[in-house]
Amino acid sequence: MAVTITIPTALRQYADGQARVTLEAETIGALLHGLVETYPDLGRHLFNEQGKLRNFVNVYVGDEDIRYLEGEETKLHDGETVSIIPAIAGGLCGRAYVLA
Amino acid sequence: MAKEFERTGSRLVSNRKAMITFSTTVAQAIATHAEATYPDECVGLLLGRFADTHKLVVAAYPVENRWAGQVTLAETDDPESRRDRFYLDPRDYLRADRAAQAQGLEVIGCYHSHPDHPAHPSARDLVGAQGIGGSTFAFVIQRVDQGTATELTSWLLLDDTSAFEPEEVIVTD
């Protein structure tokens with residue numbers, strides 16, 4: 001299956017500046033691992049030390065979050081678009097975290 | 001050619017002089033949003049263009065602060081409090097990204113407000129920025145004092161995501 005995966009702005013610097021990449025993959029897991037094989041620097045931003053998707057990294061097939069589908073086992077269909085999307089959170093507390 | 005980053009202790013420090021430019025209209029839109037949600041925090045995305053280390057914000061894309069304890073930022077998290085928390089839902093990011101593409105723009109940063117608090121990133125901001133990665137995405141903070149928007153700052157996450165560094169903010173007509 002040829003599937004297009006979109007890469008969020010901030011991570012494009014680890015993917016040769018590409019906004020979207022088309023890869024052959026049958027499942028989301030295979031697609032993400034294929035992406036990291038192509039662009040190894042993306043790996044630490046997408047996966048934690050246990051090899052699982054990071055908490056704040058979301059993957060959507062069309063408009064559907066893979067966490068509500070079959071996760072990395074979610075099957076892909078030819079021509080689908082997969083999006084990597086960050087969740088961003090924060091809020092006031094304690095001391096500021098800036099470069100000293 | 002100068003290296004893009006140099007290591008200082010355990011930190012990678014950018015050698016680039018980054019800056020972000022807002023029109024007065026966009027800066028006012030962020031200020032108005034932050035005042036409207038006061039005393040709660042507001043949140044939104046910034047649509048615009050990159051030009052090397054310079055970013056031009058073309059439009060603010062306000063979204064709803066959907067904080068309800070979705071992620072763990074600190075052990076004392078209160079899922080009811082949007083006065084000191086924000087959550088930018090990925091579905092809102094997806095909508096903003098599609099809106100940006102339709103206009104030939106990119107999502108170049110995000111903004112949120114700090115009600116009655118300095119416009120410096122907090123420990124929670126650092127935890128909540130970990131999904132972004134990279135060192136180009138702007139984290140803009142609008143300070144609001146007693147309901148009136150005051151200071152506007154912008155920050156870049158270091159490549160190793162250990163801290164933020166400031167970038168220059170320009171507001172111009």
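Protein chains get the first letters and strands the later ones, always in sequence-line order, with residue 1 at the start of each. Atoms considered below: every heavy atom in the structure, side chains included; atoms not considered: hydrogens, waters and symmetry mates.
A distance of 8.0 Å separates CZ in A/Arg12 from CZ in B/Phe50, rounded to the nearest 0.5 Å. Distance CD1/A/Ile85 to CG/B/Asp89: 9.0 Å, rounded to 0.5 Å.
Cluster annotation: A/Val57 and A/Ile5 are assigned to the same hydrophobic cluster (Ile/Leu/Val/Met/Phe/Trp/Tyr, side-chain heavy-atom contacts under 4.5 Å, transitive). In the hydrophobic cluster analysis, where Ile, Leu, Val, Met, Phe, Trp and Tyr join through side-chain heavy atoms closer than 4.5 angstrom, B/Val169 is grouped together with B/Val140. B/Val58 and B/Tyr111 are assigned to two separate hydrophobic clusters, defined by single-linkage of ILVMFWY side chains at heavy-atom distances under 4.5 Å. One hydrophobic cluster holds both A/Val3 and A/Leu53 under the rule that ILVMFWY side chains link at heavy-atom gaps under 4.5 Å. Grouping the Ile, Leu, Val, Met, Phe, Trp and Tyr side chains by contacts below 4.5 angstrom, directly or via other members, places B/Phe22 apart from B/Leu156.
Residues A/Gly90 and B/Asp125 approach most closely at CA-OD1, 3.3 Å, considering heavy atoms. Of all the heavy atoms in B/Thr136 and A/Ala10, the pair that sits closest is OG1-CA, 4.2 Å.
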Check the pair A/Ser83, B/Asp97 against side chain to side chain contact (heavy atoms under 4.5 Å, CB included), reporting the backbone distance first and the verdict last.
CA-CA 10 Å; A/Ser83 304; B/Asp97 194 43; over 6 Å; no
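Listed by chain and number, the residues in a side-chain hydrogen bond (donor to acceptor under 3.5 Å, both in side chains) with A/Thr9 amount to none (sequence neighbours excluded).
Heavy-atom contacts from other residues, nucleotides or ligands closer than 6.0 Å to CZ of A/Arg44 number more than 12.
Only the side chain of B/Arg98 comes within less than 4.5 Å of a heavy atom in chain A; its backbone stays farther off.
Applying the salt bridge (Lys or Arg N to Asp or Glu O under 4.0 Å) test to every pair with at least one member in residues 109-122 of chain B, sequence neighbours left out, gives no pairs at all.
Looking at heavy atoms from C-beta onward, A/Ile88 lies in side-chain contact with B/Phe86 at the 4.5 angstrom threshold. B/Tyr93 places a side-chain heavy atom less than 4.5 Å from the side chain of A/Pro8.
Interface check for chain A: of the options B/Arg91, B/Gln130, B/Gln101, the most heavy-atom pairs under 4.5 Å are formed by B/Arg91.
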Return a table of donor-acceptor pairs under 3.5 angstrom between the side chains of residues 31-42 of chain A and protein atoms on other chains or two or more places apart.
{"from": "A/His33", "atom 1": "ND1", "to": "A/Gly29", "atom 2": "O", "distance (Å)": "2.7"}
{"from": "A/Thr38", "atom 1": "OG1", "to": "A/Gly34", "atom 2": "O", "distance (Å)": "2.8"}

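Residues of residues 58-79 of chain A that come closer than 4.5 Å to chain B, counting heavy atoms only, are A/Asn58, A/Tyr60, A/Gly62, A/Asp63, ordered by residue number.
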